[in-house]
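Remember, it's a predicted structure, so these values are computed and weren't measured experimentally. Labels below follow one simple rule: chain letters A, B, ... track the order of the sequence lines, proteins then strands, and each chain is numbered from 1.
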Number of protein chains: 2
Amino acid sequence: MKAAPEREVDRSVSQTVKAQLALRDQILSGALRPGERISELQAVETTGASRTPVRMALVRLEEEGLLEAIPSGGFMVKAFSERDISDSIELRGTLEGLAARFAAERGVSARELEPLKECLAAIDELLRQVPISIESFSSYVALNARFHALLTELSRSPPLVRQIDRASALPFASPSGFVMAQSALPEAQQILIIGQEHHRVVIDAIENREGARAEAVMREHARLAVRNLRLALRNRTHLDLLPALALIKTATD
Amino acid sequence: MKAAPEREVDRSVSQTVKAQLALRDQILSGALRPGERISELQAVETTGASRTPVRMALVRLEEEGLLEAIPSGGFMVKAFSERDISDSIELRGTLEGLAARFAAERGVSARELEPLKECLAAIDELLRQVPISIESFSSYVALNARFHALLTELSRSPPLVRQIDRASALPFASPSGFVMAQSALPEAQQILIIGQEHHRVVIDAIENREGARAEAVMREHARLAVRNLRLALRNRTHLDLLPALALIKTATD
DNA sequence: CTTTCCTATATTGTATACATAACGCATACA
DNA sequence: TGTATGCGTTATGTATACAATATAGGAAAG
């Protein structure tokens, strides 16, 4: 007879997934500072999983780009420069531009565009109230992420979708990420409206099968987001709203 | 006293890396067919590593895109459609286009362009002999890969470099991959020369800080490669040269 | 007082044992 | 004869034990 296990296991999801989610949350919430070495034993304690699934999760997070392997062994939380983030946003916009081009060139039925338009309308509805409340802003973030995900899917290109997912793994490279960065700024309202205009144009371009125009507007969309992130980083008034900002190493670090 | 271990361990590289390289080789060499489930125990036998490093390697290969997780557990070798591959090439070209644009816009010193030009000249030298021998063709592949890697680095953008590396992990999405696909074709010679012309243009554009032109030529470069892959797949005369072609599922599969 | 070396401790890399779930096969019943 | 169910085997998911290395701290010597 073995000793009764102290650890209570949640069998509904795999331990590996549980550990991965828990660790990612710890990183993005700022509980683990960038540059900090992640102790496996500590991760075992906090996640409740055993060392093997924890290690698998660490490997996945490294591939995701949130962790960095230490040559002597183990992993540390990755730190990003401001340019890293803006490059990531531009990169994502470029990929989404390609997705939009694929969608336009390959043709999309009206039925497939329907969910996109619903998203668009729902966001329009949200933006009608000025100023936007915190609650409706979080719905905006969700709707915006959904719009981008749907748009990506329209490309019908699994490799591209996969790559865009990877590019979105980095905080702030994802649409919800940079949108959130804008939230605390007074200019946010205007920016969101311009973003909606971009969304409208890309749908129109896809409908009319204008690949180049669809691509161009998504890249412009990303450039808007980059300018915006810069602005958001200048006045760091929203660090409490978005702890993941701590991942960005500033000049003082 | 424990039994003497039969397994002889190679301590020069980590078991995880060894297993990853061995498994990738097995996949790309065609020893493991696409769709085939990878048995961990079998992998333990063939790689010489234990189950833990083998599992780590499997996770990494899944993130790399060569394996696919089976819902019920375990991994299988991923199969790619012809469109998956051509999309991957176009995707890579788009990313390299962005890299070239970054390089041009951010400025590159003459000293940094030197290795690129050396590469270019070396390839020119190789292409002088007609027809190209198999040996010099493999040097061409290496030089071409080096050129693309150097070009990527010029962007000075770690996130972009990382993403391009990821995109190159898929067979045939890498420059050496699609170049090899061309090797068995009679048109190869002409294509290589056009490719050199693209290389020349991109260097010139970067020197003159013409970001848009630099980007455009890299995307054109990728489109050439796509047309070429299609051609190569039509006459499947080179399956023996490039076993990884088996990863592409045809209509008959 | 500083520097270097040695030792001890802690943490990672690896191996293996155990538990659980899935798949297949055989048998029985309809 | 076909289908369904149950059992057995096999493989994966998880946990833990063991080994090796890196790091930090202390002691000794210059």
Side-chain angles (χ1 to χ4, degrees), chain A residues 1-23 26-27 31-33 35-63 66-78, chain B residues 1-23 26-27 31-33 35-63 66-78:
Chain A
M1 173 185 272
K2 55 179 293 189
E6 300 292 336
R7 181 192 318 285
E8 69 178 44
V9 282
D10 178 7
R11 301 247 171 250
S12 62
V13 294
S14 85
Q15 298 296 95
T16 302
V17 171
K18 194 179 72 174
Q20 188 176 356
L21 292 175
L23 285 172
Q26 286 182 33
I27 297 170
L32 296 168
R33 317 282 309 177
E36 186 175 346
R37 182 183 200 136
I38 291 196
S39 161
E40 282 188 6
L41 293 183
Q42 190 180 329
V44 164
E45 302 245 334
T46 57
T47 63
S50 169
R51 271 193 70 206
T52 305
V54 161
R55 283 180 70 76
M56 307 249 297
L58 290 175
V59 168
R60 289 203 134 93
L61 288 169
E62 184 208 354
E63 301 283 337
L66 252 50
L67 295 182
E68 203 172 349
I70 300 174
S72 67
F75 300 94
M76 54 179 269
V77 180
K78 204 162 176 176
Chain B
M1 171 186 275
K2 56 178 296 189
E6 301 291 338
R7 181 192 319 285
E8 70 179 42
V9 282
D10 178 8
R11 301 247 171 251
S12 61
V13 294
S14 85
Q15 297 295 94
T16 302
V17 171
K18 196 179 72 174
Q20 188 176 355
L21 293 175
L23 284 172
Q26 287 181 33
I27 296 170
L32 296 167
R33 317 283 308 178
E36 187 175 345
R37 182 184 201 134
I38 291 196
S39 160
E40 281 188 8
L41 294 183
Q42 190 180 330
V44 164
E45 302 244 333
T46 57
T47 63
S50 169
R51 272 193 67 204
T52 305
V54 161
R55 284 180 70 77
M56 307 252 296
L58 290 175
V59 168
R60 288 202 136 93
L61 289 170
E62 184 208 352
E63 300 284 337
L66 251 51
L67 295 182
E68 202 173 347
I70 301 174
S72 68
F75 299 94
M76 54 179 270
V77 180
K78 205 161 173 176

Task: Distance-only polar pair, side chains of A/Gln26 and A/Thr46, donor-acceptor under 3.5 Å - done: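 A/Gln26 vs A/Thr46: donor-acceptor pair found between side chains.
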Starting from [atom2] on [N], measure out to [atom1] on [X] and report it in whole angstrom.
| X | N | atom1 | atom2 | value |
| --- | --- | --- | --- | --- |
| B/Arg37 | D/dT10 | CZ | P | 15 Å |
| B/Ile38 | D/dG13 | CD1 | C1' | 17 Å |
| B/Gln20 | C/dT14 | CD | P | 12 Å |
| A/Glu45 | C/dT11 | CD | C1' | 14 Å |
| B/Leu41 | C/dA15 | CG | P | 14 Å |
| A/Lys18 | D/dT14 | NZ | C1' | 11 Å |

- [ ] Would you confirm whether A/Gln20, through its side chain, and A/Val17, through its main-chain N or O, come within 3.5 Å as a donor-acceptor pair?
- [x]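 Looks like no, no N/O pair under 3.5 Å.
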Task: Nearest-0.5 Å distance, OG1 of residue B/Thr52 to CE of residue A/Met56 - done: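 So the OG1 of B/Thr52 and the CE of A/Met56 are separated by 10.0 Å.
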Task: Distance (rounded to the nearest 0.5 Å) between A/Ile38 CD1 and A/Phe75 CZ - done: 9.0 Å
Hey, what are the protein-to-nucleotides 6-10 of chain C N/O distances that come in under 3.5 Å?
none

Task: side chain to side chain contact (heavy atoms under 4.5 Å, CB included) against B/Arg37, all qualifying residues, sequence neighbours excluded - done: B/Ile70, B/Ser72
TODO: Applying side chain to side chain contact (heavy atoms under 4.5 Å, CB included), name anything that partners B/Ala19, two or more places apart in sequence or on another chain.
DONE: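 So B/Ala19 forms a side chain to side chain contact (heavy atoms under 4.5 Å, CB included) with B/Thr47, B/Ala49, B/Val54, B/Ala57.
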Can you name the residues that form a salt bridge (Lys or Arg N to Asp or Glu O under 4.0 Å) with [X], not counting sequence neighbours?
| X | value |
| --- | --- |
| A/Arg60 | B/Glu62, B/Glu63 |
| A/Glu40 | A/Arg51, A/Arg55 |
| A/Glu68 | none |

Task: Minimum-distance nucleotide to B/Glu40 side chain [options: C/dG13, D/dA15, D/dG13] - done: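 Comparing C/dG13, D/dA15, D/dG13 against the side chain of B/Glu40, the answer is D/dG13.
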Open item on the list: List the residues meeting side chain to side chain donor-acceptor pair (under 3.5 Å) with B/Ser39, not counting sequence neighbours, and say none if there are none.
Closed with: none
- [ ] Apply the side-chain contact (heavy atoms from CB on, under 4.5 Å) test between B/Leu67 and each candidate in B/Ile27, B/Val59, B/Leu32; give the one that qualifies.
- [x] B/Ile27
Open item on the list: For DNA chain D, which residues of residues 67-75 of chain A approach it to below 4.0 angstrom with any heavy atom?
Closed with: A/Ser72
Open item on the list: Please list, in numerical order, the residues of residues 51-61 of chain A that have a heavy atom closer than 4.0 Å to any atom of DNA chain C.
Closed with: A/Arg51, A/Arg55
